[in-house]
Undergrad: 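Here you go, one structure.
Numbers restart at 1 for each chain; the letters A, B, ... are given by sequence-line order, proteins then strands. A quick note: this is a predicted structure, and the numbers were derived from the prediction, not measured. Values below: all heavy atoms of this structure, side chains included; hydrogens, waters and symmetry mates excluded.
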There are 2 protein chains.
Amino acid sequence: MASTVGDGDAAPTPPSARADPRVARTRNDVLRVALDVLIDEGRDAVTHPHLARVSGYSRATLYNHWPTRAHLVRDAFTLLGDVAHHTPTGDLRSDLIGELSMFRLGMQRHRLDRALAVLADLAVSMPELADLRDHLVVDGERVLRELLSRVLRGPELEAAALMLSGAILHSALMHARLPDDEVIAATVDLVLAGSQVGE
Amino acid sequence: MASTVGDGDAAPTPPSARADPRVARTRNDVLRVALDVLIDEGRDAVTHPHLARVSGYSRATLYNHWPTRAHLVRDAFTLLGDVAHHTPTGDLRSDLIGELSMFRLGMQRHRLDRALAVLADLAVSMPELADLRDHLVVDGERVLRELLSRVLRGPELEAAALMLSGAILHSALMHARLPDDEVIAATVDLVLAGSQVGE
């Protein structure tokens with residue numbers, strides 16, 4: 001997904017150049033650093049001079065690939081594209097818990113929560129980031145909604161999808177902590193009991 | 001609450017000056033503009049020159065009150081302090097729906113969702129904003145947790161509080177839309193049915 005989202009018409013590098021593996025490696029190296037800096041130091045720290053120092057590439061190279069900081073930030077977010085999913089086993093309860101645990105793992109390992117907070121903020125003023133956010137959300141919720149659609153539909157399905165994703169996002173962003181296994185299991189059990197399926 | 005949170009030791013204006021109603025009005029005027037700009041244009045737009053233009057106060061006045069942009073942003077968030085709550089009627093289901101509807105109303109009227117996204121991002125690098133966020137969250141969830149504690153406890157109570165707040169936050173930040181009445185009612189009904197209380 002990373003290669004198909006947010007990498008479109010506004011990208012300054014022509015397709016012929018991007019096919020060059022060295023150019024592709026440079027882009028990827030710098031964007032990986034940009035995403036790390038964004039998450040660790042906040043987005044104000046994503047500047048060409050700082051990324052040049054950290055990545056080891058020249059400022060000229062960075063300006064050549066990304067004329068503005070906005071281009072850098074936008075393209076860095078395309079690295080978020082690969083959302084990891086739980087592989088369903090057929091047991092609804094454990095599959096839902098597994099999928100939510102993968103969402104939590106993305107926050108633990110990659111600080112996905114911080115990236116999502118910045119993305120939500122920037123999408124207000126950058127329409128192409130709104131598109132990227134929409135793609136990430138659709139991909140991110142796909143497995144969860146498939147699982148829930150076995151027992152819920154309509155407003156209940158929508159509510160359950162928002163509640164389960166939202167419990168983890170809200171905990172990370174607003175409480176600055178991730179829910180433990182017991183709380184994740186309780187979110188799933190409340191939804192399943194509410195849907196009158198249970199275990 | 002706004003007067004007790006984030007208005008502490010780092011504020012440059014001494015208490016004697018703040019007691020002056022003109023000074024208090026100036027501070028409030030500028031911070032209101034700062035919060036509006038933050039929400040409407042993004043936080044990069046919160047600069048002394050821009051706020052001076054929009055608020056009608058001189059740059060010198062603004063620099064005198066807030067030496068840095070960080071001070072401006074931090075103090076602007078203190079205006080978020082007054083979280084509006086539903087007044088409980090005694091009917092648990094309608095009280096929960098009423099409280100969630102107030103949370104949604106804050107996002108509709110005051111773009112609380114955008115403010116929370118910026119706050120979550122900035123709290124990573126500004127510890128005093130983390131304190132402010134914690135106060136806002138405790139105050140914001142107080143009524144909801146009181147209501148839920150009548151039928152749930154332990155991990156189930158924690159899960160339900162995160163799910164109900166999270167459904168609205170996640171919808172606003174990640175889907176860029178607010179849940180309608182039917183979806184809000186469905187979130188409450190799932191939790192209440194899951195808690196084996198129902199109607």
Undergrad: Kindly work out whether a path of hydrophobic side-chain contacts (I/L/V/M/F/W/Y, heavy atoms less than 4.5 Å apart) joins A:Leu79 to A:Val137.
TA: yes
Undergrad: Specify which of A:Gly140, A:Ala120, A:Ala115 makes the most heavy-atom pairs with chain B at under 4.5 Å.
TA: A:Ala120
Undergrad: Answer with side chain, backbone, both or neither: which region of A:Ala123 has an atom nearer than 4.5 Å to a non-hydrogen atom of chain B?
TA: neither
Undergrad: Give the member of B:Leu190, B:Leu157, B:Leu119 that has the highest number of heavy-atom pairs under 4.5 Å with chain A.
TA: B:Leu190
Undergrad: Check whether B:Ala172 gets within reach of chain A through its side chain, its backbone, both or neither, counting any heavy atom under 4.5 Å.
TA: neither
Undergrad: Between B:Thr187 and A:Leu162, is any pair of side-chain heavy atoms under 4.5 Å apart?
TA: no
Undergrad: Among A:Glu41, A:Glu182, A:Met163, single out the residue with the greatest number of heavy-atom pairs under 4.5 Å to chain B.
TA: A:Met163
Undergrad: Going from CD on B:Glu141 to NE2 on A:His170, what distance comes out if it is rounded to the nearest 0.5 angstrom?
TA: 4.0 Å
Undergrad: Could you tell me which non-hydrogen atom of B:Ala186 sits nearest to which non-hydrogen atom of A:Pro155, and how far apart they are?
TA: CB-O, 3.7 Å
Undergrad: Please say yes or no: joined through hydrophobic side-chain contacts below 4.5 Å, possibly via intermediate residues, are A:Leu164 and A:Met102 part of one cluster?
TA: no
Undergrad: Taking every heavy-atom pair that is under 4.5 Å apart, which of B:Met174, B:His175, B:Glu156 has the most such pairs with chain A?
TA: B:Met174
Undergrad: I need the residue from A:Val191, A:Ile168, A:Leu116, A:Leu122 with the largest number of non-hydrogen atom pairs under 4.5 Å to chain B.
TA: A:Leu116
Undergrad: Please determine, among A:Asp134, A:Leu173, A:Ile184, A:Val188, the option with the most heavy-atom pairs under 4.5 Å with chain B.
TA: A:Leu173
Undergrad: With a 6.0 Å cut-off (strictly less than), is the heavy-atom count around CZ of A:Arg59, excluding the residue itself, greater than 12?
TA: no
Undergrad: Please tell me whether A:Val54 and A:Val30 are part of a single hydrophobic cluster in this structure, the criterion being side-chain heavy atoms less than 4.5 Å apart.
TA: yes
Undergrad: At a heavy-atom distance under 4.5 Å, which candidate from A:Ala45, A:Ser165, A:Ala185 has the highest pair count against chain B?
TA: A:Ser165
Undergrad: Under 4.5 Å between side-chain heavy atoms, hopping through other hydrophobics if needed: is there a path connecting B:Val151 to B:Leu100?
TA: yes
Undergrad: For A:Arg153, look at atom CZ and say whether over 12 heavy atoms of other residues, nucleotides or ligands are found less than 6.0 Å away.
TA: no
Undergrad: Would a hydrophobic clustering, with Ile, Leu, Val, Met, Phe, Trp and Tyr connected at side-chain separations under 4.5 Å, put A:Ile97 with A:Val183?
TA: no
Undergrad: Could you pull out the closest heavy-atom pair between B:Ala193 and A:Gly194, with the gap in Å?
TA: CB-CA, 3.8 Å
